[in-house]
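What follows is one structure encoded as structure tokens, with my remarks underneath.
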Amino acid sequence: MDVTTDAAAPWLIVGLGNPGPEYAGNRHNVGFMVADLLADRVGGRFKRAGRAQAQVVEGRIGPPGPLNRRVVVAKPMSYMNLSGGPVNALRDFYKVPVGHVVAVHDELDIDYGVLRLKLGGGDNGHNGLKSMTKAFGAEYHRVRFGIGRPPGRMQVADFVLKDFSSAERKELDYFVDRAADAVEALVIEGLERAQSTYNS
């Protein structure tokens with residue numbers, strides 16, 4: 001599996017979520033929220049990506065010079081558990097090495113709003129990651145956005161497919177903004193420096 005990090009290769013930043021307005025505010029869709037903000041930052045509008053079942057924005061992030069990076073921000077338009085196919089199609093089309101793929105996703109085992117950046121590893125039961133790993137291996141970056149565990153006896157599936165609570169929404173914009181900052185730091189400065197800043 002190609003895990004090279006050729007500096008000239010573009011980065012593919014994938015926000016994971018489910019398409020459709022009924023899912024837009026769900027905890028499971030925080031990856032889409034971060035992708036939307038990153039698209040705003042690079043000054044683009046999402047468009048359909050050729051044959052891939054995804055929407056993309058192409059642009060650049062980072063200061064002028066050697067740290068300026070070409071990026072493709074993507075939202076798979078399959079459902080979460082089928083994300084791997086569209087992401088792999090984009091990876092092939094844009095010639096992105098696995099080590100330049102960044103998945104932004106919700107994470108149950110981290111407190112709400114806390115971020116963890118990592119390279120590779122398991123999927124921890126997350127169907128979007130499971131699908132991506134099956135499609136092209138596990139050696140891609142992850143920006144894990146904590147949503148906490150469901151309260152009481154609530155089932156995980158019910159919890160992730162519910163909107164953030166009113167209390168959570170008061171801080172959501174701040175946390176989404178911070179997650180977008182973390183993605184940019186990862187792409188521009190590398191994993192270790194980004195971890196030292198954002199793995200709170």
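The shown structure was predicted, so the numbers you read here are calculated from the model rather than taken from an experiment.
In this structure a side-chain-to-backbone donor-acceptor pair under 3.5 Å is missing from Asn127 to Asn81. In this structure, His100 contributes its side chain and Ala9 its backbone to a donor-acceptor pair below 3.5 Å. Side-chain N or O atoms of Ser83 include none that pairs as donor or acceptor with a backbone N or O of Gly128 at under 3.5 Å. Judged by distance alone, the side chain of Arg48 and the main-chain N or O of Gln55 form no donor-acceptor pair under 3.5 Å. Remark: the backbone N or O of Phe145 is not paired with any side-chain donor or acceptor of His105 at under 3.5 angstrom. A donor-acceptor contact shorter than 3.5 Å links the side chain of Arg69 to the backbone of Ile188.
To the nearest 0.5 Å, the span separating CG on Leu115 from CD1 on Ile110 amounts to 8.0 Å. Distance CG/Asp163 to CG/Asn29: 9.0 Å, rounded to 0.5 Å. From Asn124, atom CG reaches atom NZ of Lys130 across 10.0 Å, with rounding to the nearest 0.5 Å. Distance check: Gln195 CD to Glu189 CD gives 12.0 Å after rounding to the nearest 0.5 Å. Atoms CG and CE, from Leu38 and Met33 in turn, are 14.0 Å apart once rounded to the nearest 0.5 Å. Separating the CG atom in Leu172 from the OG atom in Ser165 is a distance of 9.5 Å, to the nearest 0.5 Å.
Between Lys134 and Asp123 no salt bridge is recorded (no basic side-chain N to carboxylate O distance below 4.0 Å).
Between Tyr112 and Glu168, the shortest heavy-atom contact is OH-O, 2.7 Å. The nearest pair of heavy atoms linking Ala180 to Leu37 is CB-CD2, 3.8 Å. Residues Ala39 and Val57 share a closest heavy-atom pair of CB-CG2, 3.8 Å. The heavy-atom pair separating Tyr140 from Thr133 by the smallest distance is OH-OG1, 3.0 Å. The shortest non-hydrogen separation linking Ala179 to Val143 is O-CG1, 4.5 Å. Scanning both residues, Leu117 and Ala194, for their nearest heavy atoms gives CD2-CB, 3.6 Å.
Of the residues listed (Arg144, His126, Arg142), the one engaging Glu107 in a side-chain hydrogen bond (donor to acceptor under 3.5 Å, both in side chains) is Arg144, and it is the only one. Among the candidates Met80, Lys75, Met77, the single residue satisfying the side-chain contact (heavy atoms from CB on, under 4.5 Å) test with Asn18 is Met80. Looking at Val187, Val72, Val101 one by one, the single match for side-chain contact (heavy atoms from CB on, under 4.5 Å) with Trp11 turns out to be Val187.
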Derivation and outcome, side-chain contact (heavy atoms from CB on, under 4.5 Å), residues Val96 and Leu90: CA-CA 8 Å; Val96 178; Leu90 292 173; over 6 Å; no
Working for side-chain contact (heavy atoms from CB on, under 4.5 Å), residues Val30 and Phe164: CA-CA 10 Å; Val30 74; Phe164 287 99; 4.2 Å; yes
Residues Phe32, Tyr23; criterion ring pair (Phe, Tyr, Trp, His ring centres under 6.0 Å); working and verdict: CA-CA 10 Å; Phe32 273 19; Tyr23 298 106; 9.6 Å; no
Arg41/Asp177 under salt bridge (Lys or Arg N to Asp or Glu O under 4.0 Å): CA gap, chis, key distance, verdict: CA-CA 11 Å; Arg41 289 184 181 186; Asp177 192 68; 2.8 Å; yes
Verdict with reasoning, Val102 to Leu12, per side-chain contact (heavy atoms from CB on, under 4.5 Å): CA-CA 6 Å; Val102 182; Leu12 177 58; over 6 Å; no
Asp36 vs Phe46, side-chain contact (heavy atoms from CB on, under 4.5 Å): CA-CA, chis, key distance, verdict: CA-CA 8 Å; Asp36 286 339; Phe46 280 102; 3.3 Å; yes
Stepwise side chain to side chain donor-acceptor pair (under 3.5 Å) test for Arg116 and Asn199: CA-CA 5 Å; Arg116 291 283 185 274; Asn199 278 19; 5.5 Å; no
Steps toward side chain to side chain donor-acceptor pair (under 3.5 Å) verdict (Glu58, Tyr94): CA-CA 10 Å; Glu58 297 177 51; Tyr94 289 104; 3.0 Å; yes
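By the neighbour-count criterion of 12 heavy atoms within 6.0 Å, atom NZ of Lys170 is sparsely surrounded, having that number or fewer from other residues, nucleotides or ligands. Residue Glu22 places its CD atom among more than 12 non-hydrogen atoms of other residues, nucleotides or ligands, all under 6.0 Å distant. No more than 12 heavy atoms of other residues, nucleotides or ligands sit less than 6.0 Å from atom CD of Glu192. No more than 12 heavy-atom neighbours from other residues, nucleotides or ligands sit within 6.0 angstrom of CZ on Arg193. Atom CZ of Phe93 is surrounded by 12 or fewer heavy atoms from other residues, nucleotides or ligands within 6.0 Å. Within a 6.0 Å sphere centred on NZ of Lys95, other residues, nucleotides and ligands contribute 12 heavy atoms or fewer.
The shortest distance between side-chain heavy atoms of Val87 and Ser131 does not fall below 4.5 Å. Contact check for Val71 versus Pro10: no side-chain heavy atoms found under the 4.5 Å cut-off. Looking only at side-chain heavy atoms (C-beta outward), Val14 and Leu16 come within less than 4.5 Å of each other. Looking at heavy atoms from C-beta onward, Asn26 lies out of side-chain contact with Val160 at the 4.5 angstrom threshold.
Both the sub-6.0 Å distance and the 45° axial angle are not jointly satisfied by Arg178 relative to the ring of Tyr198. A cation-pi arrangement is found for Arg27 relative to Phe159, the charged atom lying closer than 6.0 Å to the ring centre and inside a 45° cone about the ring normal.
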